Amino acid sequence: MKPYEITHMIIDDEFYGEETVTTNFTHNEKEYSITFDKSDLEILNTWVFENDTSLPANLSIEIIEAIREDVKKNI
């Protein structure tokens, strides 16, 4: 079983002229979002949502790589 669950994935082709993929997921009972550059899946930003606020997220490399692999499979 995966330590996270992807809840939404959005491919945006008009983000400042670049294509991006934003993936929302739950991990350890918290909501997160990662935005990747679609061309090479490099991270543009990561957020955790707490108490109606978004804060920069500190995620492990293992979680990020696992999500990156799921994104690759779905785009």
Side-chain angles (χ1 to χ4, degrees):
M1 183 172 194
K2 294 181 182 181
Y4 62 89
E5 180 182 350
I6 292 177
T7 56
H8 294 86
M9 187 165 30
I10 301 166
I11 299 173
D12 186 356
D13 60 359
E14 296 188 23
F15 181 74
Y16 298 111
E18 298 179 13
E19 290 185 331
T20 61
V21 179
T22 300
T23 306
N24 296 339
F25 62 97
T26 57
H27 171 61
N28 290 338
E29 299 182 22
K30 292 184 180 180
E31 297 288 326
Y32 291 88
S33 176
I34 297 179
T35 301
F36 297 99
D37 182 318
K38 185 180 175 195
S39 66
D40 58 8
L41 294 180
E42 288 300 313
I43 296 173
L44 298 175
N45 60 49
T46 60
W47 299 101
V48 59
F49 302 103
E50 296 180 353
N51 302 323
D52 297 325
T53 304
S54 58
L55 303 166
N58 185 14
L59 294 164
S60 72
I61 297 297
E62 292 82 11
I63 293 291
I64 292 170
E65 288 301 320
I67 292 171
R68 183 179 279 133
E69 287 301 314
D70 280 348
V71 168
K72 276 184 197 179
K73 292 175 189 173
N74 289 301
I75 59 173

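FYI, side chains are in, hydrogens and waters are out, and symmetry mates aren't considered; it's all heavy atoms of this structure. Everything numeric in this text was worked out from a predicted model, so none of it was measured.
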### Single-linkage hydrophobic cluster, 4.5 Å side-chain cutoff, Ile63 and Leu44 together
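Different hydrophobic clusters.
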### Query
Do Leu41 and Ile10 belong to the same hydrophobic cluster, where Ile, Leu, Val, Met, Phe, Trp and Tyr are linked whenever their side-chain heavy atoms lie under 4.5 Å apart, directly or via other members?
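Unlinked, Leu41 and Ile10 end up in two clusters.
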Side chain to side chain contact (heavy atoms under 4.5 Å, CB included) partners for [X], two or more places apart:
X     : value
Glu62 : Ser60
Glu50 : Lys30, Val48, Leu55
Thr23 : Ile6, Met9, Val21, Phe36, Ile67, Val71

### Task
Go through Asp12 and Thr22 one step at a time and tell me if the side chain to side chain contact (heavy atoms under 4.5 Å, CB included) criterion holds.
CA-CA 8 Å; Asp12 186 356; Thr22 300; over 6 Å; no
### Message
Apply the hydrophobic cluster definition, ILVMFWY joined by side-chain contacts under 4.5 Å directly or through others, and give me every member besides Phe49.
### Response
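Phe49 shares its hydrophobic cluster with Trp47.
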For [X], check salt bridge (Lys or Arg N to Asp or Glu O under 4.0 Å) against everything at least two apart and list the hits.
X     : value
Glu31 : none
Asp37 : none
Glu42 : none

### Query
Tell me, which pairs form a salt bridge (charged side-chain N to carboxylate O under 4.0 Å, His left out) where one or both residues lie in residues 52-61, sequence neighbours left out?
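Found none.
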### Inter- and intrachain pairs under salt bridge (charged side-chain N to carboxylate O under 4.0 Å, His left out), touching residues 66-75, at least two apart
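Checked against salt bridge (charged side-chain N to carboxylate O under 4.0 Å, His left out) - neighbours excluded - the pairs reaching residues 66-75 are Lys2-Asp70, Glu65-Arg68, Glu69-Lys72.
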### Task
Spell out, as yes or no, whether a donor-acceptor pair under 3.5 Å connects the side chain of His27 to the backbone of Glu5.
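No, His27 side chain to Glu5 backbone: no donor-acceptor pair under 3.5 Å.
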### Task
Answer with yes or no whether the side chains of Asn45 and Thr35 bring together a donor and an acceptor at under 3.5 Å.
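Looking only at side-chain atoms, Asn45 and Thr35 do form a donor-acceptor pair, the distance falling under 3.5 Å.
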#### Entry: Distance-only polar pair, side chains of Ser33 and Asn24, donor-acceptor under 3.5 Å
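On atom types as modelled, these side chains qualify, holding a pair under 3.5 Å.
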### Task
Apply side chain to side chain contact (heavy atoms under 4.5 Å, CB included) to the pair Ile75 and Ile11, showing each step before the final yes or no.
CA-CA 8 Å; Ile75 59 173; Ile11 299 173; 3.5 Å; yes
### Message
Checking Thr46 now: which residues fulfil side chain to side chain donor-acceptor pair (under 3.5 Å) with it, not counting sequence neighbours?
### Response
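Once residues adjacent in sequence are excluded, Thr46 has no partner under the side chain to side chain donor-acceptor pair (under 3.5 Å) criterion.
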#### Entry: Test ring pair (Phe, Tyr, Trp, His ring centres under 6.0 Å) applied to Tyr4 - qualifying residues, sequence neighbours left out
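Applying ring pair (Phe, Tyr, Trp, His ring centres under 6.0 Å) to Tyr4 gives none.
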### Task
Provide the closest heavy-atom pair for Thr7 versus Thr26 in the form atom of the first, atom of the second, distance.
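Minimum heavy-atom separation between Thr7 and Thr26: CG2-CG2, 4.2 Å.
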